[in-house]
Amino acid sequence: ESWTAPIPPMYKTAEEIESALERILPRVAKPGRYTGGEYNQIVKDWETVDFKVALAFPDIYDLGMSNLGLMILYDIVNKHKNLLAERVFSPWTDMEAFIRQEALPLFSLETKHSIKEFDLLGISLPYEQLFTNALNLIDLAGMPIRSVDRDESYPLVIAGGHACYNPEPVAPFIDVFVIGEGEEAILKIIGVLRAAKNLDRQTQLRYIAQIEGCYVPRFYDVSYQEDGTIEAITSTMPEAPPRVLKTIVPQLPPPVTEFIVPFIETVHNRAPIEIMRGCTRGCRFCHAGMVTRPVRERPVEEVLSAMDAIISSTGYEEIALLSLSSSDYTHVLELTKKIGERFGDDGLNISLPSLRIETVSTQLMDNLGNGRRGGFTLAPEAATEKMRNTINKYVTHDELLETAREIYRRNWRTIKLYFMIGHPTEEIEDVQAIIDLAKQVLREGRKVHGKKASVNVGVSTFIPKPHTPFQWEPMDDLAHVEEKLGLLRRELRGQGLRLRWNDPQESIFEGFLSRGDRRLAPVIENAWRRGAKFDAWADHF
């Protein structure tokens, strides 16, 4: 009942959209989300470019602008003279109300063209809670949400990202899923579409289905056993392979250096450089570590020259060196040492997320220099050696405490510890061990910093993700999870201890979205029609 009717097909030119925005934007929160015009944005001549891509992140600008995947594709497409890529994000609820009220189609930030005027709409889906937003975004663009209802007069809708490794829950809404890495696949899809511009949609899709990593859901039928489990998934077109394999880029593309500098505050006010892709560790719960193999590393010199370029083209004061496990990067000591030598006097902050406990060498901490001493994050994931063996993240108790001692000695006052509860075979003693370990770490901090030492504990609930060794494990039931959280809340309190936890209801929700098959699609559509959107936001959940 709360669902609003779709936008009537009211064609508007970029000029008409611009003038409508002049009336609307003074009446919404953060108009900077919708204006475009930022430093380093790329605007090409709409009339002379022959293929146009809208790159969408189905959440608000503040989050989407910190998404490296989106920026990489924006950079890659715009490097080609005869292609253009422009950005689009989900409008917040206040802006959406105006868009629907004024029958305004969703538009790109760069030139304010209606999304329907593009040749390709590429949607980033890094996490499953964006599914309803993706439907809402397609609807706001004035397009039918189901793939079979869109012919070649609409932009082709493709989606990629980590939530697409199991694309089935949103299969009916997307024309093509890119399974794996999108840098090369998007250019191949564009190539096919340009060559097949005058052909019907079905024929275009038959060509695209032959590209490595491209899954076209309408070319597959699913049959079920009597108990509801899947019996078979069969290809219905000779062009659609019986098994779609992920696509990988053999070498990392050059890093993005001309980041768009937003007018408003975004989630991460920093420039990211991916120093390594992939992970060798094989933690049994970790989706990213399993699906991004093999490991590919960026040479030290390439990272350093990218940093030079980023500083001069953006003015960012913080650079994040990204990877799934930064301390496993072969040249991490050499890199951090050279960063210290080259940028040490510039007041530049370097963040090196996801450091492994057993490889956080004292040398590495020293190399990170004297930037802001905020919190130092460690992710043991489990607090007993038995559980760390179960999840294949083995580190001894002594190693953990020794690492904590070294961190405190180097003037960090806060250590953040991340854990997961609900792992297979976990018992209440394993949860009690989280409390004991946090208090032991705090005692180490107090020896150095007295009452100024603190430990922040973050706890999330285990979700068995597709394509991981734990994919067929059951999720812990809600009553058990609540009991474990109750114990943590009672015991992890007092000076120097802070606990943060994920709402287990949200984890269960993410669990069924990430494990569902295409029978879940009508559920997602129905939820969206009843007003579900921004499902990752606590106030909309």
Side-chain angles (χ1 to χ4, degrees), residues 51 53 73 119-125 128 131 134-135 138 143-225 228-250 290-293 466-467 471 513-522 524-525:
F51 194 92
V53 180
L73 295 179
D119 300 295
L120 180 68
L121 170 60
I123 301 178
S124 241
L125 290 173
E128 293 80 6
F131 288 165
L135 298 197
I138 294 169
M143 292 157 55
I145 61 160
R146 286 189 169 252
S147 166
V148 290
D149 299 328
R150 298 189 298 265
D151 61 17
E152 61 284 355
S153 67
Y154 292 100
L156 184 87
V157 179
I158 70 172
H162 278 211
C164 295
Y165 280 84
N166 171 21
E168 291 299 273
V170 279
F173 314 115
I174 306 292
D175 300 320
V176 182
F177 289 94
V178 174
I179 313 292
E181 297 164 357
E183 290 99 334
E184 290 177 359
I186 193 168
L187 294 175
K188 289 176 185 170
I189 292 169
I190 290 169
V192 167
L193 282 177
R194 290 175 76 188
K197 207 163 191 170
N198 302 318
L199 302 175
D200 64 274
R201 181 51 41 94
Q202 187 81 347
T203 309
Q204 292 173 342
L205 288 171
R206 285 168 69 166
Y207 284 116
I208 290 171
Q210 299 171 57
I211 299 171
E212 183 183 70
C214 287
Y215 172 59
V216 180
R218 69 169 75 172
F219 293 161
Y220 296 85
D221 278 345
V222 184
S223 55
Y224 301 94
Q225 313 262 18
T229 54
I230 289 174
E231 182 178 40
I233 300 172
T234 41
S235 157
T236 58
M237 281 281 170
E239 294 86 353
R243 197 183 183 117
V244 177
L245 299 177
K246 71 172 183 183
T247 174
I248 55 171
V249 294
M290 292 293 164
V291 300
T292 54
R293 296 173 175 188
H467 307 291
Q471 66 178 353
L513 284 182
S514 55
R515 284 155 66 104
D517 59 37
R518 53 177 71 181
R519 291 169 294 183
L520 194 61
I524 293 169
E525 181 179 346

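- The backbone N or O of Pro238 lies less than 3.5 Å from no partner atom in the side chain of Arg206, so there is not a single donor-acceptor pair.
- Leu120 is listed as a side-chain neighbour of Phe51, based on a closest heavy-atom distance under 4.5 Å.
- With contacts defined as side-chain heavy-atom distances shorter than 4.5 Å, the pair Ile208/Ile158 does not qualify.
- The two residues Phe177 and Pro217 come nearest to each other via the heavy atoms CE1-CG, 3.6 Å.
- At least one side-chain heavy atom of Tyr207 sits less than 4.5 Å from a side-chain heavy atom of Thr203.
- Nearest heavy atom pair, residue Ile524 against residue Pro169, reads CD1-O, 3.4 Å.
- Side-chain contact between His162 and Thr292 is present, with at least one heavy-atom pair separated by less than 4.5 Å.
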Evaluation steps, side-chain contact (heavy atoms from CB on, under 4.5 Å), between Arg218 and Asp175 = CA-CA 8 Å; Arg218 69 169 75 172; Asp175 300 320; 3.8 Å; yes
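- Between Gln204 and Leu193, the closest side-chain pair of non-hydrogen atoms falls below 4.5 Å.
- Here the shortest heavy-atom pairing between Phe131 and Val170 reads CG-CG1, 3.6 Å.
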When you look at Leu156 and Leu205, which way does the side-chain contact (heavy atoms from CB on, under 4.5 Å) test go after all the steps?
-> CA-CA 9 Å; Leu156 184 87; Leu205 288 171; 3.7 Å; yes
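- The shortest heavy-atom contact between Pro241 and Ala209 is CD-O, 3.5 Å.
- For the pair Glu184/Pro250, a side-chain contact is recorded, criterion being any heavy-atom separation below 4.5 Å from C-beta on.
- Contact detail for Ala240 and Phe219: the closest heavy-atom pair is CB-CB, 3.8 Å.
- Between Cys214 and Ile189, the closest side-chain pair of non-hydrogen atoms falls below 4.5 Å.
- The distance between the ring centers of Tyr215 and Tyr220 falls below 6.0 angstrom.
- Taking 4.5 Å as the limit, every side-chain heavy atom of Pro466 sits out of range of all side-chain heavy atoms of Tyr165.
- For Asp151, the side chain to side chain donor-acceptor pair (under 3.5 Å) criterion is met by Ser153, not counting sequence neighbours.
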Take Leu245 and Glu212 through the side-chain contact (heavy atoms from CB on, under 4.5 Å) test and state the conclusion after the steps.
-> CA-CA 7 Å; Leu245 299 177; Glu212 183 183 70; 5.6 Å; no
Test log, rule side-chain contact (heavy atoms from CB on, under 4.5 Å), inputs Tyr224 and Asp517 | CA-CA 11 Å; Tyr224 301 94; Asp517 59 37; 3.9 Å; yes
Test side chain to side chain donor-acceptor pair (under 3.5 Å) applied to Asp221 and Thr234, step by step | CA-CA 5 Å; Asp221 278 345; Thr234 41; 5.3 Å; no
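- For Pro167 against Cys164, the heavy-atom pair with the smallest separation is CD-O, 3.3 Å.
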List the steps, then state whether salt bridge (charged side-chain N to carboxylate O under 4.0 Å, His left out) holds for Arg201 with Glu152.
-> CA-CA 5 Å; Arg201 181 51 41 94; Glu152 61 284 355; 5.7 Å; no
